[in-house]
*Asks:* 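Starting off with a structure, shown below.
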Amino acid sequence: MERKVKTLEQFIIQKEQNFPYATGQFSKIIRDIVLPSRIINREVNKAGLVDILGLTGDTNIQGEQVQKLDLFANEAMIDSLFKGRMVCAIGSEENDDFIIKEGSTGKYIVLMDPLDGSSNIDVNVSIGTIFSVYRRKNMDGPLKKEDLLQKGVDQVAAGYILYGSSTMLVYTTGHGVNGFTLDPSIGEFLLSHPNMKFPDKCDTYSVNEGHYRNFFEGTKEYLRHIKRDSPKPYKSRYIGSLVADFHRNLLKGGIFMYPGTVEKPNGKLRLTFEANPMAFIAEQAGGYASTGLERILEIDPDTLHQRTPLFVGNKEEVLKLEGFIRKYGKTGETIIQS
Ligand code: AHG
Ligand code: MN
Ligand code: MN
């Protein structure tokens, strides 16, 4: 039987051949992200052994400090990206400010959430790494705000690594979305999900519904609608790791929601590290991402860590949700206690 296996490396080379002027710099970033992801994957898989190998903050058998996994992931990614020399600045959820590589000639900026869903580490539930790549706008002089904080539409690549029952890399460079599964026996990512698209149907919603009473009225009304008015009630699936929730909805059809609440009108998730990369992937897979009122990718960011409400998934469904939110005025911030 002929087996048509394509490794990530073969896929990257094939794509480069479609662009005769490609310098290879951009592909190198993908490689510089994938390398530490394999190391993070190894550490994630050992997470359940902390009780016998040493808790975070302890000194392990080799005399090394056992690091928190999110900090370990952060350092592994930064180290690889700067050593690769294509990247001049990194913004990470784990760092207050941009980390600038002085004297770098790298043309690219990476924003990342090195470990997403970190509350799930200790309970053996899927977590991920999210990344987003921008091209520097001005090559002369010091980096400016317009280089560092660009709109999501300006992303040149985005993706995630999901540490789940299998480890997967899903990414886009603006020409569709492709998924690769790590074959642990050979340590290679193999193309397993070419040209990923949201299925036509959408019958799942993912939200932390424990916050229901604090949601704004439009969000509440949408939730009541999908539960009471649809011919068949939607399935509820919420893992609490954006990467895992998004990935399931991408494969099965669904809407992920992290709405604003009375206390936190902008919700919890970060525009730069979480919403923008997922929005880019979603749109490339035929889906859509919104704040409830506007397209995520059009937001002009002010700060590295700014938050945004996020609704992402099947396009029709997100547009339907926007309809409910818009009914309640320009900000959608209406609340009726119920
Ligand atoms: P992180 O672990 O990077 O801080 O992100 C956690 C995020 C996201 O993955 C998830 O969708 C959300 O927090 C879950 O939040 P709740 O526990 O409030 O539902
Ligand atoms: Mn996160
Ligand atoms: Mn994180």
Side-chain angles (χ1 to χ4, degrees), residues 33 36-37 40-41 43-44 47 56 67-78 81 90-97 99 110-132 152 158-164 168 170 204-216 219 223 236-250 254-282 289-292 296 301 304-313 318:
I33 289 169
S37 82
I40 298 165
N41 181 54
E43 294 303 309
V44 165
T56 307
Q67 255 188 330
K68 280 185 79 174
L69 259 183
D70 32 18
L71 297 180
F72 174 87
N74 193 38
E75 282 175 23
M77 293 286 286
I78 293 169
L81 284 164
I90 298 171
S92 165
E93 197 202 59
E94 298 296 336
N95 297 88
D96 290 343
D97 288 318
I99 311 159
V110 169
L111 301 187
M112 63 174 179
D113 179 353
L115 215 54
D116 169 71
S118 39
S119 68
N120 280 324
I121 298 171
D122 294 344
V123 289
N124 207 1
V125 171
S126 300
I127 50 180
T129 295
I130 309 174
F131 63 90
S132 163
Y160 57 80
I161 295 114
L162 170 63
Y163 312 102
M168 275 195 76
V170 172
T204 303
Y205 73 105
S206 313
V207 63
N208 185 342
E209 224 170 342
H211 296 296
Y212 182 86
R213 68 173 169 202
N214 291 328
F215 289 158
F216 298 120
T219 313
L223 285 169
S236 165
R237 294 285 183 277
Y238 190 70
I239 296 165
S241 292
L242 170 63
V243 170
D245 280 306
F246 177 92
H247 185 73
R248 189 208 43 248
N249 290 345
L250 173 57
I255 178 169
F256 172 90
M257 315 166 57
Y258 209 106
T261 61
V262 180
E263 292 96 11
K264 296 180 180 166
N266 290 323
K268 173 182 182 186
L269 300 179
R270 319 284 173 137
L271 172 66
T272 47
F273 314 121
E274 294 172 318
N276 269 335
M278 291 314 193
F280 188 25
I281 298 165
S290 168
T291 62
I296 290 283
L304 180 60
H305 286 267
Q306 90 186 51
R307 297 173 199 266
T308 177
L310 175 65
F311 302 91
V312 59
V318 179

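Atoms considered below: every heavy atom in the structure, side chains included; atoms not considered: hydrogens, waters and symmetry mates. Start at 1 with the first residue, then count along the sequence. We count ligands from 1, going down the list as the structure has it; atoms in each ligand are counted the same way.
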*Asks:* Using side chain to side chain contact (heavy atoms under 4.5 Å, CB included) as the criterion, point out the one residue from Val312, Asp245, Ile255 that pairs with Ser206.
*Replies:*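 Of the listed residues Val312, Asp245, Ile255, the side chain to side chain contact (heavy atoms under 4.5 Å, CB included) partner of Ser206 is Asp245.
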
*Asks:* In Glu93, which N, O or S atom comes closest to the Mn ion (ligand 3)?
*Replies:*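 Looking at Glu93, the N, O or S atom with the least distance to the Mn ion (ligand 3) is OE1.
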
*Asks:* Give a yes or no on whether the backbone of Val243 and the side-chain of Asp116 come within a donor-acceptor separation of less than 3.5 Å.
*Replies:*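 Judged by distance alone, yes, a pair lies under 3.5 Å.
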
*Asks:* With heavy atoms of Asp113 as the reference, note each atom of ligand 1 found under 4.0 Å away.
*Replies:*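 Under 4.0 Å from Asp113, ligand 1 has these atoms: 3 (O).
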
*Asks:* What's the separation between atom CD1 in Ile161 and atom CD1 in Ile33, rounded to the nearest 0.5 Å?
*Replies:*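 Nearest 0.5 Å value for the CD1-CD1 distance: 7.0 Å.
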
*Asks:* Counting non-hydrogen protein atoms only, what is the nearest one to atom 1 (P) of ligand 1? Give residue, atom name and distance.
*Replies:*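 For atom 1 (P) of ligand 1, the nearest protein heavy atom is Gly117 N, 3.6 Å.
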
*Asks:* Evaluate the side chain to side chain contact (heavy atoms under 4.5 Å, CB included) criterion for residues Met257 and Leu223: first the C-alpha distance (whole Å), next the side-chain angles of each, then the deciding distance (0.1 Å), finally the verdict.
*Replies:* CA-CA 10 Å; Met257 315 166 57; Leu223 285 169; 4.1 Å; yes

*Asks:* Measure the acute angle between the ring planes of Phe215 and Tyr212, then classify it against the limits of 30° and 60° as parallel, tilted or perpendicular.
*Replies:*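 Phe215 vs Tyr212 ring planes: perpendicular.
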
*Asks:* Got a second to check how far His247's NE2 is from Ile281's CD1, nearest 0.5 Å?
*Replies:*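 Nearest 0.5 Å value for the NE2-CD1 distance: 11.0 Å.
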
*Asks:* Which residue holds the protein heavy atom closest to atom 15 (O) of ligand 1, what is that atom called, and what is the gap in Å?
*Replies:*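 Ranked first by proximity to atom 15 (O) of ligand 1 is Lys268 NZ, 2.9 Å.
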
*Asks:* Give a yes/no on ligand 1: does Asp245 have at least one heavy atom closer than 4.0 angstrom to it?
*Replies:*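 No heavy atom of Asp245 comes that close to ligand 1.
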
*Asks:* By number and element, which atoms of ligand 1 are closer than 4.0 Å to a non-hydrogen atom of Ser118?
*Replies:*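 Matching atoms, with element in brackets: 1 (P), 2 (O).
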
*Asks:* Mark the output for Leu115 as yes if a heavy-atom distance to ligand 1 is under 4.0 Å, and as no if none is.
*Replies:*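 Yes; Leu115 lies near enough to ligand 1 that a heavy-atom distance drops under 4.0 Å.
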
*Asks:* Nearest N/O/S atom of Asp116 with respect to the Mn ion (ligand 2), by atom name, please.
*Replies:*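 So the atom name we want here is OD1.
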
*Asks:* Output the list of atoms in ligand 1 that are nearer than 4.0 Å to some heavy atom of Phe256, sorted by atom number.
*Replies:*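 This gives 11 (O) as the contact atoms.
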
*Asks:* Can you tell me if an N/O/S atom from Glu94 lies under 2.8 Å from the Mn ion (ligand 3)?
*Replies:*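 Within the cut-off used here (under 2.8 Å), Glu94 places no N, O or S atom near the Mn ion (ligand 3).
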
*Asks:* Could you tell me if the side chain of Leu304 sits less than 4.5 Å from the side chain of Asn95, heavy atoms only?
*Replies:*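 No, their side chains stay 4.5 Å or more apart.
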
*Asks:* For the residue pair His211 and Tyr258, does the interplanar ring angle fall in the parallel (under 30°), tilted (30 to 60°) or perpendicular (over 60°) class?
*Replies:*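 Because their plane-to-plane angle lies in the 30° to 60° range, the rings of His211 and Tyr258 count as tilted.
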
*Asks:* Confirm or rule out an N/O/S atom of Phe273, from backbone or side chain, lying less than 2.8 Å from the Mn ion (ligand 3).
*Replies:*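 Under 2.8 Å: Phe273 has no N, O or S contact with the Mn ion (ligand 3).
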
*Asks:* With a 3.5 Å distance limit and no angle check, can you tell me whether Thr308 reaches the backbone of Leu271 through a side-chain donor-acceptor pair?
*Replies:*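 Checking the backbone N and O of Leu271 against the side chain of Thr308, no donor-acceptor pair under 3.5 Å is found.
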
*Asks:* Got an N/O contact under 3.5 Å between Ser119 and ligand 1?
*Replies:*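 Checking ligand 1 against Ser119, no N or O pair falls under 3.5 Å apart.
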
*Asks:* Go through ligand 1 atom by atom and flag the ones less than 4.0 Å from a non-hydrogen atom of Asn208.
*Replies:*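 That gives atoms 16 (P), 18 (O), 19 (O) of ligand 1.
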
*Asks:* Which residue and atom name correspond to the protein heavy atom nearest atom 18 (O) of ligand 1, and how close is it?
*Replies:*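 The closest one turns out to be Tyr258 OH, 2.6 Å.
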
*Asks:* What's the atom name of the N, O or S in Asp113 nearest to the Mn ion (ligand 3)?
*Replies:*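 Result for Asp113 and the Mn ion (ligand 3): OD1.
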
*Asks:* Between Ser241 and ligand 1, find which residue part has any heavy-atom pair under 4.0 Å and reply side chain, backbone, both or neither.
*Replies:*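 For Ser241, the contact with ligand 1 is made by the backbone alone.
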
*Asks:* Hey, does Leu269 come in under 3.5 Å of ligand 1, counting only N/O atoms on both sides?
*Replies:*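 In fact, backbone or side chain, Leu269 has no N or O that close.
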
*Asks:* Hey, are the side chains of Phe273 and Ser132 touching, using non-hydrogen atoms and a 4.5 Å cut-off?
*Replies:*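 SC-SC contact between Phe273 and Ser132 ruled out.
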
*Asks:* Among protein heavy atoms, which sits nearest to atom 9 (O) of ligand 1, and what does the distance come to when rounded to 0.1 Å?
*Replies:*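 Here the closest protein heavy atom is Asp116 OD1, 2.7 Å.
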
*Asks:* Is it the case that Thr204 and Arg248 place a side-chain donor and acceptor less than 3.5 Å from each other?
*Replies:*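 Short answer, no.
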
*Asks:* Quick check on contacts: which atoms of ligand 1 are under 4.0 angstrom from a heavy atom of Glu274?
*Replies:*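 Heavy-atom distances to Glu274 below 4.0 Å select 3 (O), 5 (O).
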
*Asks:* Does the side chain of Tyr163 come under 3.5 Å of the side chain of Ser37 through a donor N or O and an acceptor N or O?
*Replies:*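 Side chains of Tyr163 and Ser37: no pair found under 3.5 Å.
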
*Asks:* What protein heavy atom is closest to atom 10 (C) of ligand 1, reported as residue, atom name and distance in Å?
*Replies:*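 Atom 10 (C) of ligand 1 sits closest to the protein heavy atom Gly240 O, 3.4 Å.
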
*Asks:* Could you identify the single nearest non-hydrogen protein atom to atom 19 (O) of ligand 1 and state the distance to 0.1 Å?
*Replies:*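 Its nearest protein heavy-atom neighbour is Tyr238 OH, 2.5 Å.
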
*Asks:* Checking a contact table here: which protein heavy atom is nearest atom 4 (O) of ligand 1, and how many Å away?
*Replies:*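 Looking only at protein heavy atoms, the one closest to atom 4 (O) of ligand 1 is Glu93 OE2, 3.8 Å.
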
*Asks:* Measure Leu242 to ligand 1 on non-hydrogen atoms and call it side chain, backbone, both or neither using the 4.0 Å cut-off.
*Replies:*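 Leu242 to ligand 1: contacts from backbone and side chain alike.
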
*Asks:* For the pair Phe246 and Leu310, evaluate side chain to side chain contact (heavy atoms under 4.5 Å, CB included) and give the outcome as yes or no after the intermediate values.
*Replies:* CA-CA 11 Å; Phe246 177 92; Leu310 175 65; over 6 Å; no

